[in-house]
Amino acid sequence: MSAPVLALVGATGAVGTVMIDIMNSRSAFPWGEVRLIASARSAGKKISVRGQELTVIELSPEAFDGVDIAMFDVPDEISAEWAPIAASRGAVAVDNSGAFRMDADVPLVVPEVNADAIADRPRGIIANPNCTTLSMMAALGALHREFELRELVVASYQAASGGGQSAIDRLYAELSALAGKGVGVEAGDVRSTLEAAGLPISDSPFPAPLALNVVPWAGSLKDDGWSSEELKVRNESRKILGIPDLKVSATCVRVPVVTTHSLAVHATFAREVTVEAAHKILEAQPTIVLVDDPAAKRFPTPADVVGEDPTYVGRVRQALDFPNTLDFFVCGDNLRKGAALNTYEIAEVLAARI
(Lines give C-alpha, C1' and ligand atoms only; values in the text may rest on other atoms or scores of the structure.)
Protein backbone atom coordinates (compact mmCIF):
# COMPACT_ATOMS: atom_id res chain seq x y z
CA MET A 1 0.00 0.00 0.00
CA SER A 2 1.34 3.46 -0.92
CA ALA A 3 2.23 5.98 1.79
CA PRO A 4 -0.60 8.41 2.67
CA VAL A 5 -0.90 11.89 1.22
CA LEU A 6 -0.98 14.76 3.73
CA ALA A 7 -2.34 18.25 3.11
CA LEU A 8 -1.71 21.29 5.30
CA VAL A 9 -4.31 24.04 4.96
CA GLY A 10 -3.03 27.36 6.29
CA ALA A 11 0.58 26.49 5.52
CA THR A 12 1.79 30.10 5.56
CA GLY A 13 0.07 31.13 8.83
CA ALA A 14 1.57 31.27 12.32
CA VAL A 15 0.51 27.75 13.35
CA GLY A 16 1.14 26.40 9.86
CA THR A 17 4.73 27.62 10.05
CA VAL A 18 5.18 25.77 13.35
CA MET A 19 3.61 22.69 11.74
CA ILE A 20 6.21 22.72 8.96
CA ASP A 21 8.97 23.05 11.54
CA ILE A 22 7.54 19.99 13.32
CA MET A 23 7.45 18.01 10.07
CA ASN A 24 11.05 18.97 9.34
CA SER A 25 12.26 17.91 12.79
CA ARG A 26 10.29 14.66 13.23
CA SER A 27 12.40 11.50 13.14
CA ALA A 28 9.79 9.51 11.22
CA PHE A 29 8.03 10.81 8.11
CA PRO A 30 5.18 8.56 7.01
CA TRP A 31 3.96 10.68 4.10
CA GLY A 32 4.23 9.81 0.44
CA GLU A 33 3.33 13.39 -0.50
CA VAL A 34 2.75 16.68 1.30
CA ARG A 35 0.56 19.41 -0.18
CA LEU A 36 0.76 22.93 1.17
CA ILE A 37 -2.50 24.85 0.77
CA ALA A 38 -3.30 28.49 1.55
CA SER A 39 -5.29 31.47 0.30
CA ALA A 40 -4.92 32.86 -3.21
CA ARG A 41 -2.56 35.59 -2.01
CA SER A 42 -0.11 33.00 -0.64
CA ALA A 43 -0.35 30.60 -3.58
CA GLY A 44 2.93 30.23 -5.44
CA LYS A 45 5.16 30.67 -2.40
CA LYS A 46 7.98 28.17 -2.00
CA ILE A 47 8.47 26.35 1.33
CA SER A 48 11.00 23.63 2.13
CA VAL A 49 9.67 20.42 3.69
CA ARG A 50 12.21 17.70 4.49
CA GLY A 51 14.66 19.26 2.03
CA GLN A 52 12.14 19.41 -0.81
CA GLU A 53 10.94 22.79 -2.06
CA LEU A 54 7.15 22.73 -2.31
CA THR A 55 4.90 25.27 -3.98
CA VAL A 56 1.89 26.49 -2.01
CA ILE A 57 -1.34 25.90 -3.91
CA GLU A 58 -4.61 27.78 -3.63
CA LEU A 59 -7.42 26.42 -1.48
CA SER A 60 -10.01 24.75 -3.71
CA PRO A 61 -12.09 21.55 -3.68
CA GLU A 62 -9.72 19.98 -6.21
CA ALA A 63 -6.75 20.58 -3.90
CA PHE A 64 -8.02 17.69 -1.74
CA ASP A 65 -8.31 15.12 -4.52
CA GLY A 66 -6.15 12.13 -3.62
CA VAL A 67 -5.48 13.47 -0.10
CA ASP A 68 -5.78 11.00 2.79
CA ILE A 69 -5.42 13.43 5.71
CA ALA A 70 -5.93 17.21 5.65
CA MET A 71 -4.76 19.30 8.59
CA PHE A 72 -6.50 22.66 9.01
CA ASP A 73 -4.66 25.52 10.76
CA VAL A 74 -7.05 28.32 9.80
CA PRO A 75 -9.75 30.48 11.44
CA ASP A 76 -13.05 28.92 12.51
CA GLU A 77 -15.08 30.21 9.59
CA ILE A 78 -12.66 28.80 7.01
CA SER A 79 -12.57 25.41 8.72
CA ALA A 80 -16.35 25.38 9.02
CA GLU A 81 -16.63 25.78 5.25
CA TRP A 82 -13.70 23.74 3.99
CA ALA A 83 -13.20 20.81 6.38
CA PRO A 84 -16.49 19.22 5.22
CA ILE A 85 -15.40 19.79 1.61
CA ALA A 86 -12.11 17.99 2.29
CA ALA A 87 -14.03 15.13 3.92
CA SER A 88 -16.39 14.94 0.91
CA ARG A 89 -13.35 14.51 -1.35
CA GLY A 90 -12.19 11.50 0.68
CA ALA A 91 -9.78 13.06 3.18
CA VAL A 92 -9.97 12.87 6.97
CA ALA A 93 -9.94 16.48 8.15
CA VAL A 94 -7.99 17.20 11.34
CA ASP A 95 -9.08 20.65 12.42
CA ASN A 96 -7.24 22.95 14.81
CA SER A 97 -10.00 25.58 14.98
CA GLY A 98 -12.96 25.76 17.32
CA ALA A 99 -15.50 25.07 14.59
CA PHE A 100 -16.22 21.42 15.42
CA ARG A 101 -14.93 20.79 18.94
CA MET A 102 -18.29 20.33 20.59
CA ASP A 103 -19.99 18.65 17.62
CA ALA A 104 -21.30 15.29 18.87
CA ASP A 105 -20.28 13.66 15.58
CA VAL A 106 -16.70 14.94 15.74
CA PRO A 107 -14.19 13.38 18.18
CA LEU A 108 -12.08 15.80 20.22
CA VAL A 109 -8.72 14.10 20.52
CA VAL A 110 -5.51 14.20 22.52
CA PRO A 111 -3.61 11.08 21.42
CA GLU A 112 -2.12 10.40 24.86
CA VAL A 113 -5.59 10.45 26.40
CA ASN A 114 -8.25 9.22 23.96
CA ALA A 115 -6.62 8.03 20.74
CA ASP A 116 -9.30 5.37 20.31
CA ALA A 117 -11.86 8.14 19.70
CA ILE A 118 -10.21 8.72 16.32
CA ALA A 119 -11.98 5.66 14.91
CA ASP A 120 -15.47 7.10 15.48
CA ARG A 121 -15.66 10.05 13.09
CA PRO A 122 -19.08 10.11 11.35
CA ARG A 123 -18.40 13.41 9.59
CA GLY A 124 -14.86 12.52 8.54
CA ILE A 125 -13.56 15.29 10.81
CA ILE A 126 -11.43 15.15 13.98
CA ALA A 127 -11.08 18.23 16.20
CA ASN A 128 -8.05 19.51 18.06
CA PRO A 129 -8.78 21.00 21.52
CA ASN A 130 -8.23 24.57 22.59
CA CYS A 131 -4.62 25.28 23.54
CA THR A 132 -5.49 26.05 27.17
CA THR A 133 -7.28 22.75 27.71
CA LEU A 134 -4.56 20.88 25.84
CA SER A 135 -1.80 22.17 28.09
CA MET A 136 -3.04 20.09 31.03
CA MET A 137 -4.59 17.08 29.26
CA ALA A 138 -1.57 14.77 29.14
CA ALA A 139 -1.12 15.10 32.90
CA LEU A 140 -4.81 14.91 33.77
CA GLY A 141 -5.40 11.95 31.46
CA ALA A 142 -2.60 9.95 33.05
CA LEU A 143 -3.77 10.74 36.58
CA HIS A 144 -7.42 10.10 35.71
CA ARG A 145 -6.64 6.57 34.48
CA GLU A 146 -5.17 5.72 37.86
CA PHE A 147 -7.23 7.74 40.36
CA GLU A 148 -10.50 8.70 38.57
CA LEU A 149 -10.88 12.45 38.28
CA ARG A 150 -14.02 13.92 39.89
CA GLU A 151 -13.53 17.69 40.20
CA LEU A 152 -11.28 20.24 38.54
CA VAL A 153 -10.51 23.87 39.42
CA VAL A 154 -8.11 25.65 37.07
CA ALA A 155 -6.51 29.08 36.85
CA SER A 156 -4.82 29.68 33.51
CA TYR A 157 -2.00 32.13 32.78
CA GLN A 158 -2.29 32.51 29.02
CA ALA A 159 0.34 33.94 26.70
CA ALA A 160 -0.34 36.81 24.31
CA SER A 161 0.19 34.55 21.27
CA GLY A 162 -3.08 32.81 22.14
CA GLY A 163 -4.74 35.94 20.80
CA GLY A 164 -2.93 35.85 17.46
CA GLN A 165 -0.26 38.00 15.84
CA SER A 166 -2.05 41.27 16.64
CA ALA A 167 -1.92 40.40 20.34
CA ILE A 168 1.80 39.63 20.14
CA ASP A 169 2.43 42.92 18.34
CA ARG A 170 0.45 44.80 20.97
CA LEU A 171 2.44 43.32 23.84
CA TYR A 172 5.75 44.24 22.20
CA ALA A 173 4.49 47.76 21.49
CA GLU A 174 3.42 48.21 25.11
CA LEU A 175 6.73 46.91 26.44
CA SER A 176 8.62 49.26 24.15
CA ALA A 177 6.51 52.25 25.19
CA LEU A 178 6.97 51.51 28.88
CA ALA A 179 10.71 50.82 28.75
CA GLY A 180 12.61 53.44 30.69
CA LYS A 181 9.44 54.79 32.28
CA GLY A 182 9.98 53.04 35.59
CA VAL A 183 9.05 55.88 37.95
CA GLY A 184 5.79 56.69 36.21
CA VAL A 185 4.88 53.06 35.80
CA GLU A 186 5.49 52.36 39.47
CA ALA A 187 3.14 55.21 40.26
CA GLY A 188 0.36 53.39 38.44
CA ASP A 189 0.63 55.43 35.28
CA VAL A 190 0.62 52.56 32.78
CA ARG A 191 -2.55 53.55 30.90
CA SER A 192 -1.62 57.21 30.46
CA THR A 193 1.92 56.31 29.40
CA LEU A 194 0.52 53.99 26.72
CA GLU A 195 -2.00 56.62 25.60
CA ALA A 196 0.77 59.22 25.29
CA ALA A 197 2.65 56.74 23.11
CA GLY A 198 -0.35 56.38 20.81
CA LEU A 199 -1.46 53.06 22.30
CA PRO A 200 -4.92 53.62 23.82
CA ILE A 201 -6.71 50.59 25.23
CA SER A 202 -9.50 51.17 22.73
CA ASP A 203 -7.09 50.00 19.99
CA SER A 204 -5.89 46.94 21.91
CA PRO A 205 -7.03 43.31 21.59
CA PHE A 206 -6.84 43.25 25.40
CA PRO A 207 -9.35 45.01 27.70
CA ALA A 208 -6.51 46.42 29.85
CA PRO A 209 -2.76 46.98 29.56
CA LEU A 210 -0.91 43.66 29.34
CA ALA A 211 2.67 44.84 29.82
CA LEU A 212 3.59 44.95 33.53
CA ASN A 213 0.10 43.69 34.27
CA VAL A 214 -2.18 40.64 34.27
CA VAL A 215 -5.66 40.70 32.77
CA PRO A 216 -8.30 38.35 34.25
CA TRP A 217 -10.04 37.88 30.93
CA ALA A 218 -9.58 35.81 27.76
CA GLY A 219 -12.20 35.23 25.10
CA SER A 220 -15.69 36.67 24.72
CA LEU A 221 -18.44 37.26 27.28
CA LYS A 222 -20.88 34.41 27.85
CA ASP A 223 -23.79 33.90 30.26
CA ASP A 224 -23.41 34.71 33.97
CA GLY A 225 -20.08 36.47 33.53
CA TRP A 226 -18.11 33.51 32.21
CA SER A 227 -15.72 33.92 29.30
CA SER A 228 -15.65 31.68 26.24
CA GLU A 229 -12.15 30.47 27.16
CA GLU A 230 -13.34 29.40 30.61
CA LEU A 231 -16.27 27.46 29.19
CA LYS A 232 -13.97 25.77 26.67
CA VAL A 233 -11.86 24.42 29.54
CA ARG A 234 -15.00 22.99 31.16
CA ASN A 235 -16.69 21.54 28.12
CA GLU A 236 -13.60 20.24 26.34
CA SER A 237 -12.18 18.59 29.46
CA ARG A 238 -15.43 16.66 29.89
CA LYS A 239 -15.43 15.49 26.28
CA ILE A 240 -11.76 14.50 26.04
CA LEU A 241 -11.71 12.63 29.33
CA GLY A 242 -15.10 11.03 28.74
CA ILE A 243 -16.55 12.41 32.00
CA PRO A 244 -19.75 14.23 31.02
CA ASP A 245 -20.59 15.21 34.60
CA LEU A 246 -17.08 16.32 35.59
CA LYS A 247 -17.26 19.35 37.90
CA VAL A 248 -15.06 22.08 36.39
CA SER A 249 -14.45 25.72 37.24
CA ALA A 250 -11.88 27.82 35.39
CA THR A 251 -10.56 31.37 35.59
CA CYS A 252 -8.60 32.41 32.50
CA VAL A 253 -5.99 35.15 32.84
CA ARG A 254 -3.85 36.78 30.15
CA VAL A 255 -0.25 37.44 31.22
CA PRO A 256 2.65 39.36 29.58
CA VAL A 257 4.30 36.27 28.12
CA VAL A 258 4.65 35.92 24.34
CA THR A 259 4.34 32.14 24.01
CA THR A 260 3.56 29.26 26.43
CA HIS A 261 0.44 28.89 28.55
CA SER A 262 0.63 27.95 32.22
CA LEU A 263 -2.08 26.51 34.46
CA ALA A 264 -2.49 26.06 38.19
CA VAL A 265 -4.54 22.87 38.54
CA HIS A 266 -6.54 21.70 41.57
CA ALA A 267 -7.72 18.15 40.80
CA THR A 268 -9.86 15.97 43.07
CA PHE A 269 -10.02 12.21 42.52
CA ALA A 270 -12.29 9.37 43.59
CA ARG A 271 -9.38 7.36 44.98
CA GLU A 272 -6.60 8.21 47.38
CA VAL A 273 -3.68 9.92 45.69
CA THR A 274 -0.22 10.82 46.93
CA VAL A 275 2.52 13.04 45.57
CA GLU A 276 4.85 10.06 45.30
CA ALA A 277 2.33 8.06 43.27
CA ALA A 278 1.60 11.05 41.04
CA HIS A 279 5.31 11.58 40.42
CA LYS A 280 5.74 7.98 39.27
CA ILE A 281 2.79 8.23 36.90
CA LEU A 282 3.87 11.55 35.43
CA GLU A 283 7.49 10.47 35.03
CA ALA A 284 6.34 7.42 33.06
CA GLN A 285 4.57 9.54 30.42
CA PRO A 286 6.70 10.05 27.29
CA THR A 287 5.22 13.49 26.54
CA ILE A 288 5.56 14.88 30.08
CA VAL A 289 8.66 16.32 31.73
CA LEU A 290 8.44 16.42 35.52
CA VAL A 291 10.40 19.34 37.01
CA ASP A 292 9.54 19.31 40.69
CA ASP A 293 12.23 20.11 43.24
CA PRO A 294 10.98 23.05 45.31
CA ALA A 295 13.96 22.90 47.68
CA ALA A 296 16.21 23.67 44.72
CA LYS A 297 13.69 26.14 43.27
CA ARG A 298 13.15 23.91 40.24
CA PHE A 299 9.74 24.10 38.60
CA PRO A 300 8.51 24.83 35.08
CA THR A 301 8.18 28.37 33.77
CA PRO A 302 7.16 29.61 30.32
CA ALA A 303 10.65 30.95 29.61
CA ASP A 304 12.06 27.42 30.01
CA VAL A 305 9.32 25.62 28.09
CA VAL A 306 8.79 27.80 24.99
CA GLY A 307 9.77 25.92 21.84
CA GLU A 308 9.53 22.53 23.55
CA ASP A 309 7.16 19.72 22.56
CA PRO A 310 6.45 18.07 25.95
CA THR A 311 4.17 19.31 28.70
CA TYR A 312 6.14 20.35 31.78
CA VAL A 313 4.69 19.67 35.25
CA GLY A 314 5.87 20.76 38.69
CA ARG A 315 4.81 22.06 42.12
CA VAL A 316 2.93 18.79 42.74
CA ARG A 317 1.41 18.97 46.23
CA GLN A 318 -1.15 17.17 48.34
CA ALA A 319 -3.87 19.80 48.68
CA LEU A 320 -4.29 21.08 52.22
CA ASP A 321 -7.78 20.55 53.63
CA PHE A 322 -8.99 18.73 50.48
CA PRO A 323 -8.91 14.90 50.54
CA ASN A 324 -7.82 12.96 47.44
CA THR A 325 -6.72 16.19 45.80
CA LEU A 326 -3.54 17.34 44.10
CA ASP A 327 -2.39 20.84 43.24
CA PHE A 328 0.18 21.19 40.46
CA PHE A 329 1.51 23.63 37.87
CA VAL A 330 1.66 22.95 34.12
CA CYS A 331 3.41 24.73 31.27
CA GLY A 332 2.96 23.99 27.57
CA ASP A 333 3.96 25.83 24.41
CA ASN A 334 0.56 26.92 23.09
CA LEU A 335 1.74 27.07 19.46
CA ARG A 336 3.31 23.61 19.54
CA LYS A 337 1.54 21.03 21.73
CA GLY A 338 -1.31 23.47 22.19
CA ALA A 339 -1.96 23.67 18.45
CA ALA A 340 0.34 22.36 15.72
CA LEU A 341 1.91 19.37 17.45
CA ASN A 342 -1.29 17.76 18.72
CA THR A 343 -2.87 18.17 15.28
CA TYR A 344 0.14 16.52 13.69
CA GLU A 345 0.17 13.72 16.26
CA ILE A 346 -3.47 12.98 15.41
CA ALA A 347 -2.45 12.79 11.74
CA GLU A 348 0.37 10.40 12.63
CA VAL A 349 -2.04 8.09 14.44
CA LEU A 350 -4.33 8.17 11.42
CA ALA A 351 -1.44 7.44 9.05
CA ALA A 352 -0.60 4.31 11.03
CA ARG A 353 -4.20 3.10 10.74
CA ILE A 354 -4.82 3.80 7.05
Side-chain angles (χ1 to χ4, degrees), residues 13-15 18 75 98 130-133 135-136 153-233 249-266 291 294 297-308 312 314-315 327-336 338-339:
V15 178
V18 175
N130 175 266
C131 53
T132 309
T133 309
S135 296
M136 64 180 174
V153 180
V154 180
S156 72
Y157 308 92
Q158 297 177 216
S161 56
Q165 188 60 50
S166 64
I168 297 173
D169 294 343
R170 175 70 189 203
L171 175 57
Y172 279 130
E174 288 187 359
L175 290 170
S176 178
L178 294 172
K181 303 289 186 180
V183 173
V185 169
E186 289 176 359
D189 202 24
V190 173
R191 286 178 184 265
S192 60
T193 301
L194 293 178
E195 288 174 0
L199 295 169
I201 295 303
S202 59
D203 292 342
S204 174
F206 309 113
L210 187 60
L212 306 184
N213 201 20
V214 297
V215 181
W217 189 260
S220 57
L221 179 63
K222 300 299 180 181
D223 292 343
D224 300 322
W226 294 98
S227 79
S228 58
E229 287 285 306
E230 291 160 349
L231 295 181
K232 286 175 187 177
V233 171
S249 183
T251 299
C252 291
V253 181
R254 195 72 73 180
V255 296
V257 169
V258 176
T259 302
T260 296
H261 290 348
S262 304
L263 298 94
V265 180
H266 179 90
V291 182
K297 301 296 189 292
R298 293 187 67 248
F299 31 72
T301 73
D304 301 314
V305 173
V306 63
E308 297 289 321
Y312 282 66
R315 296 298 320 281
D327 287 307
F328 56 92
F329 193 72
V330 181
C331 289
D333 186 316
N334 55 297
L335 297 183
R336 292 187 75 86

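The first residue of the sequence shown is numbered 1, and numbering continues consecutively from there.
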Fill in the blank from the handout: Taken to the nearest 0.5 Å, the spacing of Leu335 CG from Cys131 SG works out to 8.0 Å
Exercise for the section: Check whether any side-chain heavy atom of Val18 lies under 4.5 Å from a side-chain heavy atom of Arg336, and answer yes or no. Expected result: yes
Exercise for the section: Identify the two heavy atoms, one from Ala211 and one from Leu175, that lie closest to each other, and give their separation to 0.1 Å. Expected result: CB-CD2, 3.7 Å
Problem - Presence of salt bridge, Glu195 and Arg191, under 4.0 angstrom - result: no
Problem - Pairwise side-chain contact, Glu174 with Val190, heavy-atom cut-off 4.5 Å (strictly under) - result: no
Exercise for the section: Begin with the C-alpha distance, continue with both residues' side-chain angles, and end with the deciding distance and a verdict on side-chain contact (heavy atoms from CB on, under 4.5 Å) for Lys232 and Thr132. Expected result: CA-CA 8 Å; Lys232 286 175 187 177; Thr132 309; over 6 Å; no
Problem - Gap between atom CD of Gln158 and atom OG1 of Thr260 - 0.5 Å precision - result: 12.5 Å
Exercise for the section: State, to 0.1 Å, how close Trp226 and Glu230 come at their nearest heavy-atom pair, and which atoms those are. Expected result: CE3-OE1, 3.4 Å
Fill in the blank from the handout: Minimal heavy-atom distance between Ala218 and Arg254, with the atoms involved, is CB-NH2, 3.8 Å
Completion exercise
Here the gap from Leu194 atom CG to Leu210 atom CG, rounded to the nearest 0.5 Å, amounts to 10.5 Å
Practice task
State the SG-CG distance between Cys252 and Leu263, to the nearest 0.5 angstrom.
Solution key: 8.0 Å
Practice task
Quick one: closest heavy-atom pair of Val258 and Ala159, and the distance?
Solution key: O-CB, 3.4 Å
Handout entry: Verdict with reasoning, Ile168 to Gln165, per side-chain contact (heavy atoms from CB on, under 4.5 Å)
Key = CA-CA 5 Å; Ile168 297 173; Gln165 188 60 50; 4.0 Å; yes
Fill in the blank from the handout: Nearest heavy-atom approach of Pro207 to Ile201 is O-CG2, 3.6 Å
Practice task
Taking the side chain as every heavy atom from C-beta outward, state whether Leu199 and Ser204 have any atom pair closer than 4.5 Å.
Solution key: no
Fill in the blank from the handout: In this structure, CG of Leu231 is separated from CG of Asn130 (nearest 0.5 Å) by 11.5 Å
Fill in the blank from the handout: Closest heavy-atom pair, Val305 versus Tyr312, reported as atoms and distance to 0.1 Å, is CG2-CG, 3.6 Å
Exercise for the section: Would you check if the side chain of Thr251 reaches a backbone N or O of Ala155 as a donor-acceptor pair within less than 3.5 Å? Expected result: no
Fill in the blank from the handout: In this structure, CZ of Arg298 is separated from CG of Asp304 (nearest 0.5 Å) by 9.5 Å
